[in-house]
Colleague: 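Please see the structure below; I have some questions.
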Amino acid sequence: MPYRPNEIEKTWQAHWASHGSYVARIRRDQPKFYALDMFPYPSGKGLHVGHPAGYTASDVVCRYKRARGFNVLHPIGYDSFGLPAEQRAIEEGIAPQVSTAEAIETFRGQLERLGYSYDWSRVVSTADPGYYKWTQWIFTKLYARGDAYLGEAFVNWCPALGTVLANDEVIDGRSERGGHPVERKRMQQWTLRISSYADRLLQGLDGIDWPEATKTAQREWIGRSEGAFIDFAIAGRDECVTVFTTRPDTVFGATYLVLAPEHALVDGITVEGQREAVRAYQARTASRSERDRQASKEKTGVDTGARAVNPATGEQIPIWIADYVIAGYGTGAIMAVPAHDERDWEFARALRLPVREVIAGGDVASAAYTGGGAMVHSGPFDGTPTAGGEAVRAVTRWLAEKGAGRATVNFKLRDWTFARQRYWGEPIPVLKDDAGQVVRTLALPELPLELPAVDEYAPSGSGESPLARAKGWSTVDDAVTGRTLRREVDTMPGSAGSSWYFLRYCDPHNDAEFCSREASDYWMPVDLYVGGAEHRVGHLLYSRMWQKALFDEGLVRDEEPFAKLRHQGMVLAETYYTRGPSGRFDHVTVPEAVLERAEKTARVRVRGEEMDAEVRWEKMSKRKGNVVNPDDVIRTFGADALRVYLCFLTPLESDKPWQTSQLEAQFEWLKRVWRLFFEGDDDVPHAVDVEASEAELRVVHRAIDKVTRDLESMSLNTAVSALHVATRDLARLGTRSRAVLGAVAQLVAPLAPHLAEELWTRGLGHPATPGGIAYVPWPVAEARWLVDDTVTIGVQVNGKTCGTVDLALDASEDAAMEAARAVESVARHLAGKTVAKVIYKAGKILNVIAR
RNA sequence: GCGAGGAUGGCGGAAUUGGCAGACGCGCCGGACUUAGGAUCCGGUGCCUCACGGCGUGCGGGUUCAACUCCCGCUCCUCGCACCA
């Protein structure tokens, strides 16, 4: 019988499940290996082939590590709170608990059919009360630490829908559904003080093995900058405006101040004559969406009429408001030094404000000069060079002595708004009084605080969460305080449950603790985390913060959760665009037929009509009609072929253009592997106990060596190609050696585990053990089979290759020259010339310099 | 604008870190076997050239006996961030 993946894959999946082949236990006599996949959001649409791209890579590594004697923890679960289920609840009235449970069942089946070696006994689901009990408990810890607080935050408020929208529900300043205008509205929101971890989040990056691009993204997101606060007294008032600047050395050039329009001091300091203009400008700013603000960098602003005193010069300078100053960064106020800051320069030019040069070296009349040089027009500091930071330090010290400033470090990182006005999330375990003040958080015995059943999932219309409708739930006669209190009706964001799930996997059934120290001390940190790069500053930063908070509480040993991180590329598919109403190719379509096809264009038939289309490679998504369902692929080619294909197509981190022909090619390769082990319709095994030939040993040990090195470095595509080569060569040699074929089965096992189990047992006659081939010790490459006695090296004349020659590895230079001269093409190049010099690196190259 | 990464055949990609560029696979061309084939197998395939040979890793320089690889200067692409003081 030929290779029939559907039959053998089912058999082995059942074997692994019934024997608990991949159930992980703490074993102190073995090194541990914790491989983590970013758990999926279980959407109703099921898995698409984008998920297996990363999951396969980590599974290959896990299977390899088991064979290398590691005790592997490879869990999976579901990030099951989220908007799509909530949206379905609103639209169709289906409880998210129900639709999510269904989706999880679908996902589970699909993941099982891909042959992943997950420990299915450790599945977690963030929407499960047994799980979110601990998410809530950690929240109370954060609250106790002062890391969770009620703060004011801007939300996307849509008056027409009467609801707060998530960022991804707002497109171009309008609601995704209905296209209603969306405003920025200040609301009291639970907020996590991630900013107080900024320095540690920055420093922790130095010690972890992550893609450099991701570390850079986090560093920039955190945005540390050193500088100073400088106080500018307001003329005629007791107050002062504190600004943050990284260039205190330019303070003598500060010719005006700018406050963000939202700055708290604006109303108080604005002079009567300017009040109307200031109000109008504030209103204008509030109505402009973030997007509009970004689109136009034209400098606008209004003078408040108030004056501040420059503490360096003693001069009075105007105080303006302008939207180029961001309320949320620094102090929301700047000292403008138009001579040496491009933004200030543009503003000064647009509004005819004075420019004063205080650093020599540029022509500040024509452009801001941001380079270095000697200080000028700066009183006692004239002549001080800016190089080396001396000027900054000296001026900061001087201001500090005058009581007008101090050195500081500022971060871009803003606190994390940790509340959604939504039903489908973890209830925040807090009781408040009627004034909205927090009375207490719930204690562990009161957790989980479960979501109440509601009749209606739509937002309340007042901006409150749908939980506010559940009166019986939201009002509590509290036995602890003896008062009637109100529950928090906001829920946590999707990123809550995913910020610690990797810890719960270590001890998923623990009722007494979120995760025992014993379990986390053994399994943590994660040795390999594979997931999409889109989470580089979200989930991957939040998780690091929670880990640090838990570390501070003594609840975990490690300060960093993920020792090694790798991203997988996206799976891309061809997407067809036809002409939309605008005449441009901007309308996504799924053609009935492709009639003609060029590289980037095609002639297609859509609803019986022929038309031109553009073809682009884009990320698979349901909306674009270009998704490939793994179930369909598995039905035709098997999970093993899909796994091998995903590994082979491109390096792990590169995007993967979906090509069915390449998938088929890997299926064909697996068939060739099958035929290496079985003969004829009755599957007569080839393997016999004969001594392997030297040629066979060379092939197989070379493959062992290459595949081992490639799996270590996660170079899965080249590992597959090494196996292609070995399969081809062994087929030519007609290999029957049980030992050689055994090694082949083992090398194939991480990539195509079902096939390998079949080859190992039925093909080679090994008994089927509970653990299977994954636990058979990995073969070792013997060095003597890796080197050839003879090598083919290139022969160059004057640095240009003109032939090759086969030589003993240790051949002398004379022997090499003799052999080279015997090669006709080399002789031709040497004809009529005299050899001036010979460069010979044994086993590498022979280069003859001839004149 | 800032930051990061990249550019190798018709395509996806290799190249032990300075030593035969193009492994492996797709595609294409040709062949064997076959009643048949979505069974299987073999050969060819960077470009120019009948050939000898020449040219080739985004472009221009440089270092070197030797450069995809190192150095200098550009161009283009992709992805982030985007008035962060």
Side-chain angles (χ1 to χ4, degrees), chain A residues 2 211-217 219-221 223-225 227 243-247 250 254 258 293-294 296-299 322-337 340-344 346-347 410-414 533-534 536-537 570 599 636 644-645 648-651 653-669 671-672 675 705-706 709 715 717-725 727-728 731-732 786 791-805 825 828-829 836-841 843-850:
Chain A
E212 210 45 56
T214 302
K215 288 192 188 183
T216 304
R219 287 193 185 105
E220 290 183 357
W221 191 260
R224 183 181 200 274
S225 57
V243 304
F244 172 72
T245 178
T246 54
R247 292 295 306 273
T250 62
V258 186
R293 252 175 109 147
Q294 282 170 21
S296 161
K297 293 193 176 172
E298 196 191 335
K299 296 289 182 290
D323 64 4
Y324 83 93
V325 174
I326 298 163
Y329 182 76
T331 61
I334 62 155
M335 65 173 198
V337 184
H340 306 292
D341 181 281
E342 281 163 20
R343 296 151 303 186
D344 297 342
E346 282 168 22
F347 187 80
N410 195 53
F411 295 93
K412 256 199 285 194
L413 183 67
R414 293 190 222 174
E534 65 273 20
R536 57 165 74 89
V537 293
M570 292 182 295
E599 197 186 333
T636 318
V644 172
Y645 161 72
F648 178 71
L649 195 61
T650 65
E653 64 281 3
S654 307
D655 287 345
K656 295 160 198 340
W658 183 265
Q659 293 171 67
T660 305
S661 58
Q662 289 275 17
L663 170 66
E664 286 169 6
Q666 298 317 311
F667 179 55
E668 296 298 326
W669 170 62
K671 287 201 259 185
R672 289 201 295 278
R675 287 199 301 272
D705 177 60
K706 177 71 172 149
R709 282 187 287 116
S715 177
N717 56 332
T718 53
V720 173
S721 97
L723 288 168
H724 287 168
V725 171
T727 310
R728 178 195 67 195
R732 280 180 184 158
L786 302 182
V791 285
T792 303
I793 67 169
V795 179
Q796 300 180 332
V797 173
N798 294 332
K800 287 190 178 179
T801 305
C802 54
T804 61
V805 67
S825 59
R828 235 189 336 258
H829 280 89
K837 189 178 173 187
V838 175
I839 291 119
Y840 174 62
K841 302 280 180 201
K844 300 219 167 181
I845 199 79
L846 175 66
N847 189 1
V848 183
I849 309 306

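Protein chains get the first letters and strands the later ones, always in sequence-line order, with residue 1 at the start of each.
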Colleague: Look at the side chain of Phe648(A) and decide which nucleotide, out of A14(B), A85(B), G12(B), has an atom nearest to it.
Modeller: G12(B)
Colleague: For Met335(A) and for Arg728(A), locate the closest nucleotide of RNA chain B by heavy-atom distance; then report the residue assigned to the nucleotide nearer the 5' terminus.
Modeller: Arg728(A)
Colleague: Quick one: look up who C76(B) pairs with, Watson-Crick or G-U, both distances under 3.5 Å, and put none if it's unpaired.
Modeller: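 Across all strands, the one nucleotide that pairs with C76(B) is G6(B).
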Colleague: Just jot down the salt bridge (charged side-chain N to carboxylate O under 4.0 Å, His left out) partners of Lys299(A), sequence neighbours excluded, or say none.
Modeller: Glu346(A)
Colleague: Ignoring the backbone of Lys412(A), work out which of A15(B), C20(B), C81(B) is nearest its side chain.
Modeller: C81(B)
Colleague: From G3(B), A85(B), C81(B), pick the nucleotide closest to the side chain of Thr216(A)?
Modeller: G3(B)
Colleague: Quick one: on RNA chain B, does Val725(A) or Arg732(A) contact a more 5' nucleotide (nearest heavy atom)?
Modeller: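 Checking each residue's closest nucleotide, the 5'-ward one belongs to Val725(A).
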Colleague: Using the 3.5 Å cut-off, write out each protein N or O paired with an N or O of nucleotides 26-28 of chain B and the distance between them.
Modeller:
| from | atom 1 | to | atom 2 | distance (Å) |
| --- | --- | --- | --- | --- |
| C26(B) | O4' | Gln662(A) | NE2 | 3.3 |
| C26(B) | O2' | Ser661(A) | OG | 2.9 |

Colleague: Walk along nucleotides 48-55 of chain B from 5' to 3' and tag each nucleotide B, S or - by protein heavy-atom contact under 4.0 Å, base first, then sugar-phosphate.
Modeller: ----SSSS
Colleague: Send over the distance from Lys706(A) NZ to A23(B) C1', rounded to a whole Å.
Modeller: 9 Å
Colleague: Mind listing the N/O atom pairs, protein and nucleotides 63-68 of chain B, below 3.5 Å?
Modeller:
| from | atom 1 | to | atom 2 | distance (Å) |
| --- | --- | --- | --- | --- |
| C65(B) | O2' | Asn847(A) | ND2 | 3.0 |
| C65(B) | O2 | Asn847(A) | ND2 | 2.8 |

Colleague: Check the distance between C83(B)'s P and Asp344(A)'s CG and give it to me in whole angstrom.
Modeller: 14 Å
Colleague: Can you name the residues that form a side-chain hydrogen bond (donor to acceptor under 3.5 Å, both in side chains) with Lys215(A), not counting sequence neighbours?
Modeller: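 Lys215(A) satisfies side-chain hydrogen bond (donor to acceptor under 3.5 Å, both in side chains) with no other residue.
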Colleague: Looking only at the side chain of Gln666(A) (C-beta and beyond, no hydrogens), which of the listed nucleotides C79(B), A4(B), G25(B) gets closest?
Modeller: G25(B)
Colleague: Who passes side-chain hydrogen bond (donor to acceptor under 3.5 Å, both in side chains) against Trp658(A), sequence neighbours left out?
Modeller: Thr660(A)
Colleague: Now, which nucleotide makes the Watson-Crick or G-U wobble pair with U45(B), with each of the two distances under 3.5 Å?
Modeller: G27(B)
Colleague: Is any side-chain N or O of Ser721(A) closer than 4.0 Å to OP1 or OP2 of G13(B)?
Modeller: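 The answer is no; no side-chain N or O of Ser721(A) sits under 4.0 Å from OP1 or OP2.
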